[in-house]
Protein chains: 2
Amino acid sequence: MKIVVDGMGGDNAPKSNVEGVVSAIKEYNVDIIITGDKDILEKEFSNYEFDKSKLEIIHTTEIIENEDKPVKAIRCKKDSSMVVALQLVKEGKADAIVSAGSTGALLAGGLFVVGRIKGIDRPCLCPAIPNVKRGMTLIADGGANADCKVRNLVEFAAMTNIYSKKVLGIENPKISLANIGSEEGKGNELVKQSYEEIKGMDLNFIGNLEARDVINAKADVIVCDGFTGNILLKSAEGVAMSVMKLLKETFLSSTKGKLGAMLLKNDLKELKDFMDYSEYGGAPLLGVNGGVIKAHGSSNSKAIKNAINQGIKFAKGNVLKDIENFVQESKEKEEAKKIKNEEK
Amino acid sequence: MKIVVDGMGGDNAPKSNVEGVVSAIKEYNVDIIITGDKDILEKEFSNYEFDKSKLEIIHTTEIIENEDKPVKAIRCKKDSSMVVALQLVKEGKADAIVSAGSTGALLAGGLFVVGRIKGIDRPCLCPAIPNVKRGMTLIADGGANADCKVRNLVEFAAMTNIYSKKVLGIENPKISLANIGSEEGKGNELVKQSYEEIKGMDLNFIGNLEARDVINAKADVIVCDGFTGNILLKSAEGVAMSVMKLLKETFLSSTKGKLGAMLLKNDLKELKDFMDYSEYGGAPLLGVNGGVIKAHGSSNSKAIKNAINQGIKFAKGNVLKDIENFVQESKEKEEAKKIKNEEK
């Protein structure tokens, strides 16, 4: 079991990445490869006491920035910390990559360096959104595919079902479809047709879910096209951030407010943490031939450590094998259907 | 100038509807027709002092419920307060209808009773979402059309531009496209093609807007298909309601919390009002041949009065005429383009 960490990706790199790696080695006794500028990384690591035999540093000379065009960056910055890390997953030298770098570049790298699982049309990025039960709800797809076909949503449902069981430890994940009404027959053409397909699948499909109820923990997974998923997620995030900001302004606008806020300090901190989308671990890219975990750009060391743990569970849970099995079973079902139709 | 109010539609009907009508007559000196059960309405109105010459009650025997199938309800409940009111708009006996009844039925009634403006492919429903500048941002379409073409988004942009100027009094409305990134070239096929069309229109198009920034008042109007609009709106609404609920729980969970909340009572009330989506007036249905204003289902009398005022401004501002002009100009441009192409 080996996890590779993109040492230079993220707003707090390499400090948080290094600290997260040290914590993960201590807590999970996992072997880690980290990619990045060797001098800088070694200097960072020298601040910590840990089992150095568990760590390998691979020197890279380039960094992919958020401003870089994703596909171009992956193709041109061959010696970047991200591309070298992705290459290790591709070659089977690491089971999963954790990166807090550019989302677009990691998506492109997942596709073009690691590559799709044979039979999967489109991989999906699955960020989590906090819910009122202090848990999280996966959005699949969260923005990797702006235009989707029915087949894609079917694959997203199957892959997140596997991921939720194996990595998140949910026994019988509740899978739903993002929709504009809860009744069957609602929605746009994509969703109506996907509903028909998904309800015939061997999973706990609970039907349509309105965007208003996503935060109410009614489902473990929300399946949708990537455009919808991004709108859903960002709309929620925008409101959450703005409310916290307005609340702060309210508290600071008067002496009474300041006194009230002092009394409520711990409770408000808890609420703020709950609304902090960066606390909720990394988003897996499902459907590519290896573990790819996108950690939040502003990840602190705890978030990096948690993302590494996701990578470990991804590998231990044989998520790839399960997705391959799903592809195989779908193929067999499709063939059986064909034969049955021909016999008619 | 005459506004017709659906007297029996909404969670608080007919009490709030009647009270709203009385306030509107007093404040705007407007002529009102109200539809509904005459006995019940007369009894309600007898509680108020106002100029009775400004009011006409039209007796109806049926009510469309939220559970009714929209199209069927419009077709079968011919003597409902909503259908009779819509008919008055159709016949030109009223300039606009205000209804807090079933959204689906009002959309169906707008299409099948009032009818589309000639040349408009699809009317759009335009609810408003509160923003941090204590203003509101229109979403067009907010859920009337789950599947849209480029032409529809172009029409939504033109119609909301007119509405924002004439009814909301915004001089040079900032029109944006809901998208998953702010750069040109981002998004799904519908949005990419719509961007090209809208940027050539004679309006203040500010480009793409990420869902996260809707609440930040960067635009006056967000143009999108109705599926996206509904997801955007409901996701924001769900988070806003949940945060307020969590805040309340936090405050009530300890003596310190209760004391803090007492100190902050007025400020928190203000924040709660800001987050209350029912406070933000009615949603116009643009593109039908008359003023159709959908008031929130849980409208109080103030919300009904505000919606009546929207209806007044809609009629006074000649919104219909302006939309017809847009249709005419588009046609002429299209023809000029054709001739130019043929000449080549």
Side-chain angles (χ1 to χ4, degrees), chain A residues 104 129 131-132 143 145-148 178-181 186-192 210-216 224-247 250-251 253-254 256-257 259-264 266-268 270-271 274-275, chain B residues 104 129 131-132 143 145-148 178-181 186-192 210-216 224-247 250-251 253-254 256-257 259-264 266-268 270-271 274-275:
Chain A
I129 196 168
N131 63 44
V132 291
N145 310 283
D147 286 290
C148 285
N179 208 337
I180 60 175
K186 285 263 176 181
N188 57 20
E189 281 309 312
L190 172 69
V191 169
K192 282 193 259 187
E210 287 195 72
R212 172 194 291 159
D213 285 326
V214 170
I215 199 171
N216 292 325
C224 53
D225 66 89
F227 190 89
T228 300
N230 181 285
I231 295 282
L232 178 60
L233 191 72
K234 296 279 178 70
S235 178
E237 200 175 340
V239 172
M241 288 194 313
S242 290
V243 173
M244 293 317 291
K245 203 174 143 221
L246 285 172
L247 211 53
T250 302
F251 289 149
S253 65
S254 69
K256 261 204 319 194
L259 195 59
M262 247 172 61
L263 284 167
L264 293 165
N266 291 337
D267 296 323
L268 290 171
E270 204 212 331
L271 187 68
F274 161 68
M275 300 310 300
Chain B
I129 196 168
N131 63 45
V132 291
N145 311 283
D147 285 290
C148 285
N179 208 337
I180 59 175
K186 283 264 176 183
N188 57 19
E189 281 310 314
L190 173 69
V191 169
K192 282 192 258 185
E210 288 195 74
R212 171 195 291 158
D213 284 325
V214 171
I215 198 170
N216 292 327
C224 53
D225 66 90
F227 190 90
T228 299
N230 180 285
I231 295 281
L232 178 59
L233 192 69
K234 296 281 179 70
S235 178
E237 200 175 340
V239 172
M241 290 194 312
S242 289
V243 172
M244 292 317 290
K245 207 175 137 216
L246 286 172
L247 210 52
T250 300
F251 289 151
S253 65
S254 69
K256 260 199 326 193
L259 194 61
M262 249 172 58
L263 284 167
L264 294 165
N266 291 338
D267 296 322
L268 290 172
E270 203 214 332
L271 188 67
F274 161 68
M275 298 313 299

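Letters A, B, ... are given to chains in the order of the sequence lines, protein chains preceding strands, and every chain is numbered from 1. Side chains are part of it too, since the values below use all heavy atoms of this structure and drop only hydrogens, waters and symmetry mates.
Of all non-hydrogen atoms in A:A146 and B:N188, the two that sit nearest each other are O-CB, 3.4 Å. Taking each heavy atom of B:I231 and A:A211 in turn, the nearest pair found is O-CB, 3.5 Å. For the pair B:I180 and A:G226, the tightest heavy-atom approach, listed with the atom from each and the gap, is CG2-O, 4.5 Å. When all heavy atoms of A:N179 and B:N230 are compared, the pair lying nearest together is O-OD1, 4.4 Å. Contact between B:A236 and A:V239 at its shortest, heavy atoms only, is CB-CG2, 3.4 Å.
Taking CG of A:D147 as the reference point, atom NZ of B:K192 lies at 7.0 Å (rounded to 0.5 Å). Between A:D225 atom CG and B:F227 atom CZ the span is 7.0 Å, to the nearest 0.5 Å.
Between chain A and the residues B:C224, B:G229, B:S242, B:C148, the largest count of heavy-atom pairs under 4.5 Å involves B:S242. In terms of heavy-atom pairs under 4.5 Å with chain B, the best-connected choice from A:M241, A:M244, A:R212 is A:R212.
Using a 4.5 Å heavy-atom cutoff, the side chains of B:L247 and A:L247 are in contact.
Judged as a side chain to side chain donor-acceptor pair (under 3.5 Å), and not counting sequence neighbours, A:S235 has no contacts.
A:E189 touches chain B through backbone and side chain together, each having a heavy atom under 4.5 Å away.
Heavy-atom contacts from other residues, nucleotides or ligands closer than 6.0 Å to NZ of A:K186 number 12 or fewer.
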